[in-house]
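Notes to accompany the following structure.
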Amino acid sequence: MTVLRGASVFLRPTVREDVPALAAIRATPEVRARWRGGEDLEAEISADLEDSGSHHLTIEHQQRIVGMIQWHAEEEPDYRHAGIDLFLDPTVHGRGLGTDAVRTLACHLVDDHGHHRLVIDPAADNAVAIRCYAKVGFRPVGVMRQYERGADGTWHDGLLMDLLAAELVR
């Protein structure tokens with residue numbers, strides 16, 4: 001896969017050399033609260049990169065690694081769609097880089113992979129992420145009750161959002 005160019009970000013295939021920088025971002029309190037993880041985040045990210053069902057892209061801004069975005073596809077023809085997930089360095093939050101990364105990947109999935117529908121599933125209380133995804137055209141589908149276990153051990157709701165190709169805000 002080639003590098004995807006957004007308005008402000010570059011998305012390129014994640015390589016092993018990116019792991020320390022990505023682990024440092026995952027270790028920040030803001031990201032860890034959503035993505036969690038054990039003691040060895042580098043090992044976890046390395047293991048994630050081995051998952052043949054997911055595609056991992058490093059997000060770069062001004063020649064600096066600022067996060068990772070990943071996608072997976074359901075290839076069953078009657079249910080075909082792609083899903084997106086990402087984390088971004090808190091030091092660059094509020095600059096539109098998350099929106100740019102999601103839009104760039106969404107365009108790639110629609111235009112180059114022919115997906116007619118994309119999904120994303122932020123925590124239901126993550127208003128910042130929900131606004132980011134809405135700017136790209138994602139719409140709430142519904143609340144997934146007690147969807148994931150939080151770092152505190154309790155179950156938290158998730159919000160399923162989807163986007164149809166015709167609704168993509170370019």
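This one's a predicted model, so the numbers in the text were calculated from it and none came from an experiment.
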Quick one: do Leu41 and Arg32 satisfy side-chain contact (heavy atoms from CB on, under 4.5 Å)? Show the steps, please. CA-CA 10 Å; Leu41 291 174; Arg32 196 173 188 95; 3.0 Å; yes
Do Met161 and Val136 pass the side-chain contact (heavy atoms from CB on, under 4.5 Å) test, and can you show the C-alpha distance, the side-chain angles, and the key distance before you say yes or no? CA-CA 11 Å; Met161 301 179 79; Val136 179; over 6 Å; no
Run the side-chain contact (heavy atoms from CB on, under 4.5 Å) check on Arg103 and Val169 step by step: do they pass? CA-CA 8 Å; Arg103 179 177 288 119; Val169 177; 4.0 Å; yes
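Distance alone, capped at 3.5 Å, is enough to place a donor-acceptor pair between the Glu74 side chain and the Glu76 backbone. Within the 3.5 Å criterion, the main-chain N or O of His72 finds no donor-acceptor partner in the side chain of Ser54. The backbone N or O of Gly38 sits less than 3.5 Å from a side-chain atom of Glu44, completing a donor-acceptor pair.
When all heavy atoms of Cys132 and Gly98 are compared, the pair lying nearest together is SG-C, 3.6 Å. Closest approach of Leu168 and Ala106 over heavy atoms only: CD1-CB, 3.8 Å. Among all heavy-atom pairs drawn from Ser8 and Asp100, the shortest one is N-OD2, 2.5 Å. In terms of heavy atoms, Asp157 sits closest to Gln146 at OD1-N, 2.8 Å. When all heavy atoms are compared, the tightest approach of Ala101 to Ile69 is O-CD1, 3.7 Å. The two residues Arg149 and Arg36 have their closest heavy-atom pair at O-NH1, 2.9 Å.
Between Leu109 atom CG and His116 atom NE2 the span is 13.0 Å, to the nearest 0.5 Å. Asp89 CG to His61 NE2: the interatomic distance, rounded to the nearest 0.5 Å, is 11.0 Å. Here CE of Met144 is found 7.0 Å from CG of Leu159. Values are rounded to the nearest 0.5 Å. Here the straight-line distance linking atom NE2 of His113 with atom CD of Glu75 works out to 9.0 Å at 0.5 Å rounding. Interatomic distance, Leu4 CG to His108 NE2, rounded to the nearest 0.5 Å: 5.0 Å.
Other cluster members for Phe87: Val19, Leu22, Ile25, Val31, Trp35, Ile45, Leu49, Ile65, Met68, joined by side-chain heavy-atom distances under 4.5 Å among Ile, Leu, Val, Met, Phe, Trp and Tyr. Think of Trp155 as one node in a network of Ile, Leu, Val, Met, Phe, Trp and Tyr side chains linked at under 4.5 Å; it has no links at all. In the hydrophobic clustering, Tyr79 connects to no other residue, as no ILVMFWY side-chain heavy atoms lie under 4.5 Å from its own.
Taking a 6.0 Å sphere around CZ of Arg170, one finds it holds more than 12 heavy atoms contributed by other residues, nucleotides or ligands.
Looking at heavy atoms from C-beta onward, His56 lies out of side-chain contact with Asp18 at the 4.5 angstrom threshold. The closest side-chain heavy-atom distance from Arg95 to Val66 is not below 4.5 Å. For the pair Leu118 and Tyr133, the minimum side-chain heavy-atom distance is 4.5 Å or more. You'll find the side chain of Val3 stays beyond 4.5 Å of the side chain of Leu11, heavy atoms only. Residues His93 and Leu88 meet the side-chain proximity criterion, which asks for heavy atoms closer than 4.5 Å. Leu97 places none of its side-chain heavy atoms less than 4.5 Å from the side chain of Ile59. For the pair Val102 and Phe138, the minimum side-chain heavy-atom distance is below 4.5 Å.
His115 and His81 share no side-chain donor-acceptor pair at under 3.5 Å. For the 3.5 Å distance criterion, the side chains of His156 and Thr154 qualify, holding a donor opposite an acceptor.
Residues Ile130 and Ile120 share a single hydrophobic cluster, defined by chaining ILVMFWY side chains whose heavy atoms lie under 4.5 Å apart. Following chains of ILVMFWY side-chain contacts shorter than 4.5 Å, one can reach Val92 starting from Leu57, so the two form part of one hydrophobic cluster. Linking Ile, Leu, Val, Met, Phe, Trp and Tyr whenever their side-chain heavy atoms come within less than 4.5 Å puts Leu163 and Val143 in one cluster.
Between Arg34 and Asp125, at least one side-chain N (NZ, or NE/NH1/NH2) sits under 4.0 Å from a carboxylate O, which counts as a salt bridge.
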